[in-house]
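Note on naming: letters A, B, ... go to the chains in the order of the sequence lines (proteins, then strands), and numbering restarts at 1 for each one.
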Amino acid sequence: DTEVTQTPKHLVMGMTNKKSLKCEQHMGHRAMYWYKQKAKKPPELMFVYSYEKLSINESVPSRFSPECPNSSLLNLHLHALQPEDSALYLCASSLERGKVYEQYFGPGTRLTVT
Amino acid sequence: AQSVTQLDSHVSVSEGTPVLLRCNYSSSYSPSLFWYVQHPNKGLQLLLKYTSAATLVKGINGFEAEFKKSETSFHLTKPSAHMSDAAEYFCVVFMDTGRRALTFGSGTRLQVQP
């Protein structure tokens with residue numbers, strides 16, 4: 001099974017809402033990633049978890065809060081977002097962080113902030 | 001610092017004709033390079049990767065890329081385009097210093113005309 005799943009597929013939220021994005025993989029990968037992708041742009045790295053510990057935070061605003069409850073699951077908690085946060089949020093995983101392993105991407109969650 | 005430059009933001013070909021998507025890299029030593037494809041409203045899929053083994057790399061769906069150190073290039077080719085090849089293509093370098101993560105090129109949109 002080489003699949004990364006993400007839920008929900010689409011999310012519309014107001015600026016005062018709290019919501020969460022979920023990502024799951026069952027490939028035994030120990031590195032998991034969150035990317036943000038604006039329209040017609042490449043993905044931008046947000047967070048990297050390695051062995052369930054946060055390794056990289058690319059200076060992401062605190063209204064985005066990642067969580068890695070176990071080695072298969074990655075969450076992104078959202079609170080008080082701005083309209084400019086509307087984007088496709090991609091989750092990815094790889095065997096380990098920091099080495100040249102293929103990253104497997106999920107289909108993404110399309111987020112709209114109103 | 002390692003980086004990639006995709007020389008064309010948009011390429012249009014006719015079905016059955018060859019595809020060439022150009023990518024130049026910047027690195028002081030031999031980089032690890034990837035090509036990913038993203039179909040509309042989908043996640044990213046690895047097409048192929050170069051990690052200092054054979055300079056001609058074969059990937060999925062008939063794509064291949066040649067690593068040319070003298071030209072600092074890693075162009076993606078396919079002998080005959082299919083309608084299903086229409087997508088966004090990203091050339092990606094693995095930064096093996098510093099934060100040790102993927103850095104994406106700006107992307108090339110491939111359009112395939114019937």
Side-chain angles (χ1 to χ4, degrees), chain A residues 2-11 21 23-25 27 29 31-50 54-60 74 87-112, chain B residues 1-11 21 23 25 27 29-53 57 59-60 67 74 87-111:
Chain A
T2 58
E3 189 180 23
V4 176
T5 59
Q6 290 188 245
T7 53
K9 284 188 171 28
H10 301 274
L11 178 62
L21 309 184
C23 172
E24 203 160 2
Q25 57 87 15
M27 295 178 277
H29 289 175
M32 296 187 77
Y33 311 79
W34 279 115
Y35 290 87
K36 174 183 178 180
Q37 186 178 26
K38 301 283 278 184
K40 301 187 189 304
K41 297 289 186 183
E44 297 175 0
L45 185 64
M46 300 175 71
F47 302 104
V48 181
Y49 273 82
S50 177
L54 184 63
S55 294
I56 295 177
N57 176 342
E58 292 284 87
S59 303
V60 178
L74 185 66
L88 181 68
Y89 288 83
L90 294 164
C91 173
S93 70
S94 67
L95 198 58
E96 287 187 358
R97 184 190 94 77
K99 297 181 182 177
V100 188
Y101 293 121
E102 174 183 354
Q103 286 189 20
Y104 291 81
F105 284 81
T109 293
R110 176 77 58 189
L111 174 67
T112 303
Chain B
Q2 292 160 311
S3 65
V4 288
T5 301
Q6 293 185 243
L7 300 173
D8 307 292
S9 60
H10 182 255
V11 170
L21 305 184
C23 173
Y25 69 88
S27 174
Y29 42 90
S30 187
S32 296
L33 295 161
F34 305 78
W35 276 99
Y36 277 85
V37 62
Q38 186 176 30
H39 287 91
N41 299 311
K42 300 284 187 185
L44 282 78
Q45 181 183 21
L46 180 69
L47 282 177
L48 48 83
K49 69 178 180 182
Y50 167 77
T51 55
S52 73
V57 183
I60 62 171
F67 177 77
F74 189 58
E88 189 84 19
Y89 291 79
F90 293 100
C91 183
V92 183
V93 64
F94 175 76
M95 296 182 65
D96 57 6
T97 58
R99 62 182 177 77
R100 301 182 69 81
L102 299 181
T103 296
F104 287 77
S106 55
T108 298
R109 177 158 297 276
L110 176 64
Q111 187 176 16

Measuring from [X]:[atom1] to [Y]:[atom2], what's the distance to the nearest 0.5 Å?
X      : Y      : atom1 : atom2 : result
B:Q38  : A:L90  : CD    : CG    : 6.0 Å
A:Y104 : B:Q45  : OH    : CD    : 10.5 Å
B:L48  : A:E102 : CG    : CD    : 10.5 Å
A:L88  : B:N41  : CG    : CG    : 8.0 Å
A:K41  : B:F90  : NZ    : CZ    : 10.5 Å

Could you work out, with side-chain contact (heavy atoms from CB on, under 4.5 Å) as the rule, every residue matching A:S94, not counting sequence neighbours?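 A:S94 satisfies side-chain contact (heavy atoms from CB on, under 4.5 Å) with A:A31, A:Y33, A:Y101, A:Q103 once adjacent residues are dropped.
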Write down the atom of B:L44, the atom of A:F105, and the distance for their closest heavy-atom approach.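 Looking at all heavy atoms of both residues, the closest pair is O-CB, 3.4 Å.
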Indicate the atoms forming the closest heavy-atom contact of B:G105 with A:P42, along with that distance.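 Heavy-atom minimum between the residues: O-CB, 3.2 Å.
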So for atom NZ, which belongs to A:K38, do other residues, nucleotides or ligands contribute more than 12 heavy atoms lying within a distance under 6.0 Å?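 More than 12 within 6.0 Å, yes.
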How about B:H10: does its NE2 atom have over 12 heavy atoms from other parts shown lying under 6.0 Å from it?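 Yes, the 6.0 Å shell around NE2 holds more than 12 heavy atoms from other groups.
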Using a cut-off of under 4.5 Å for heavy-atom pairs, which of A:G108, A:G106, A:P43 has the most such pairs with chain B?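 The candidate making the most pairs under 4.5 Å is A:P43.
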Any side-chain heavy-atom pair of B:F104 and A:Q37 under 4.5 Å: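 No - every pair of side-chain heavy atoms lies 4.5 Å or more apart.
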Let me know if B:K49 has heavy atoms under 4.5 Å from chain A in its side chain, its backbone, both or neither.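 Just its side chain gets close to chain A.
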